[in-house]
Amino acid sequence: MTDLAAPAPPIRLGVNVDHVATLRQARGTSYPDVAAAARLAMDSGAASITIHLREDRRHIQDHDVETLCAAPDMPINLEMALTDEMLEIACRLRPRDCCLVPESREELTTEGGLDIAGQQARVADGIQRLQAAGIAAALFIDPDVDQIHASAEAGAHHIELHTGAYADAADSTTRRAELARIVEAAELAESLGIEVHAGHGLHVDNVGEISAIAPIVELNIGHALIARAVFVGLGEAIVELSAAMAAGRRQIV
Ligand code: PXP
């Protein structure tokens, strides 16, 4: 449980730049420049940059991972499937963090959390390979008690809770229930000594409620930020979102 006497730690924003690459890949151009977007995001207040190297290479390419992992002062969170190919790439390029996610070719975006409980030995082996290369290994999971326990047993450095069911809830009753699941999962993970991140489907109007959950210390946000950047620019979109996160954090008493 959260220590009510202690102030909540600040909450950080990880900016997912996949859709900068989506735009580039749509026309096969060399622009917009993903590394420049990452640098602008960092200069605008991001704490880290997330990229997802998908098996089908639909947005981020191998050369993006190479460039970003080699960039000075660029904390990279590489999302990837748990495959030998991806483990080899991560261990060679050494991003700061690596988040294991489920992946299927047909999906529009990552649809659910990784099932840790159903493949614990395989996940633990992947985590060990990443940690041996000096990478903080994370697991993207649904806010589910069994998955939290399994993640702890598998040795994850941190978890990222999937907020998609909350963000996509069709009515307020469902949204309340999904928020309660996230709170319970975050508190359990914290009590087990696992750092808690969250993400998926977050935007300026719903990020405050998630930011008000004290054990969550980092949010990973992409689609809504890049969409907003079309109108106000990436830097301003990050400033707006950071302000909404800070306002939510102030709700913690
Ligand atoms: N976290 C993970 C593991 C993801 O796969 C994604 C989507 O790429 C996000 C966070 C960000 O979600 P969104 O693009 O909806 O902000």
Side-chain angles (χ1 to χ4, degrees), residues 11-23 25 34 37-38 41 46-61 64-65 68 75-82 86 90 95 97-116 123 126 130 136-144 147 151 156-169 178 182 185-186 195-211 216-230 234 237-238 240-242 244-245:
I11 189 158
R12 308 183 295 263
L13 172 62
V15 170
N16 181 317
V17 293
D18 289 350
H19 290 326
V20 177
T22 301
L23 197 53
Q25 297 307 113
V34 173
S48 61
I49 299 298
T50 293
I51 46 176
H52 184 173
L53 184 66
R54 295 188 74 103
E55 193 191 7
D56 63 11
R57 308 300 198 267
R58 69 173 69 159
H59 39 52
I60 293 294
Q61 305 295 302
D64 293 316
V65 186
L68 287 167
I76 296 298
N77 171 34
L78 176 63
E79 290 176 2
M80 57 181 223
L82 178 51
M86 290 297 157
D97 300 346
C98 220
C99 186
L100 299 175
V101 302
E103 203 173 292
S104 80
R105 277 179 184 264
E106 297 75 28
E107 68 190 359
L108 285 177
T109 182
T110 317
E111 281 171 358
L114 191 65
D115 175 24
I116 314 302
V123 172
L130 292 169
L139 301 170
F140 183 55
I141 57 171
D142 290 327
D144 175 279
Q147 298 295 344
S151 299
H157 173 267
H158 60 279
I159 54 165
E160 182 179 330
L161 294 175
H162 194 321
T163 51
Y166 158 79
D168 297 339
E178 291 298 335
I182 295 169
E195 188 173 301
V196 188
H197 301 191
H200 216 284
L202 299 179
H203 49 69
V204 76
D205 294 323
N206 65 12
V207 78
E209 271 186 336
I210 299 296
S211 302
I216 296 179
V217 295
E218 185 160 324
L219 299 180
N220 217 319
I221 303 181
H223 180 77
L225 254 183
I226 304 303
R228 180 67 179 150
V230 170
L234 183 57
I238 289 171
E240 284 178 3
L241 193 64
S242 300
M245 288 168 59

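Everything numeric in this text was worked out from a predicted model, so none of it was measured. In listed order, ligands and their atoms are each counted from 1.
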Where does Glu79 meet ligand 1, judged by heavy-atom distances below 4.0 Å: at the side chain, the backbone, both, or neither?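 It is the side chain that touches ligand 1; the backbone stays farther off.
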
Glu160, portion touching ligand 1 at heavy-atom distance under 4.0 Å: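 The part of Glu160 near ligand 1 is the side chain, not the backbone.
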
When rounded to the nearest 0.5 angstrom, what distance separates CD1 in Ile159 from CG in Leu114?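 Ile159 CD1 to Leu114 CG: 12.0 Å, rounded to 0.5 Å.
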
Non-neighbouring partners of Arg228 that pass salt bridge (Lys or Arg N to Asp or Glu O under 4.0 Å), sequence neighbours left out: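 So Arg228 forms a salt bridge (Lys or Arg N to Asp or Glu O under 4.0 Å) with Glu240.
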
Once salt bridge (Lys or Arg N to Asp or Glu O under 4.0 Å) is applied, do any residues pair with Asp144, and if so which ones, sequence neighbours excluded?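 Residues passing salt bridge (Lys or Arg N to Asp or Glu O under 4.0 Å) with Asp144: none at all.
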
When every non-hydrogen atom of Leu241 is compared with those of His203, the smallest separation belongs to CD1-C, 3.8 Å

For the pair Ser48 (side chain) and Asn77 (backbone), establish whether a donor and an acceptor sit closer than 3.5 Å, ignoring hydrogens and angles.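 A pair under 3.5 Å: no.
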
Does the N or O separation between Gly199 and ligand 1 drop below 3.5 Å for any pair? no

In terms of side-chain geometry, is the basic nitrogen of Glu103 or Arg58 positioned less than 4.0 Å from the acidic oxygen of its partner?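 No salt bridge links Glu103 with Arg58.
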
Element-labelled atoms of ligand 1 that are located less than 4.0 Å from some non-hydrogen atom of [X]:
X	value
Val101	3 (C)
Asn16	8 (O)
His223	13 (P), 14 (O), 16 (O)
Asn220	10 (C), 11 (C)

For Ala224, is the nearest heavy atom under 4.0 Å from an atom of ligand 1?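 No heavy atom of Ala224 comes that close to ligand 1.
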
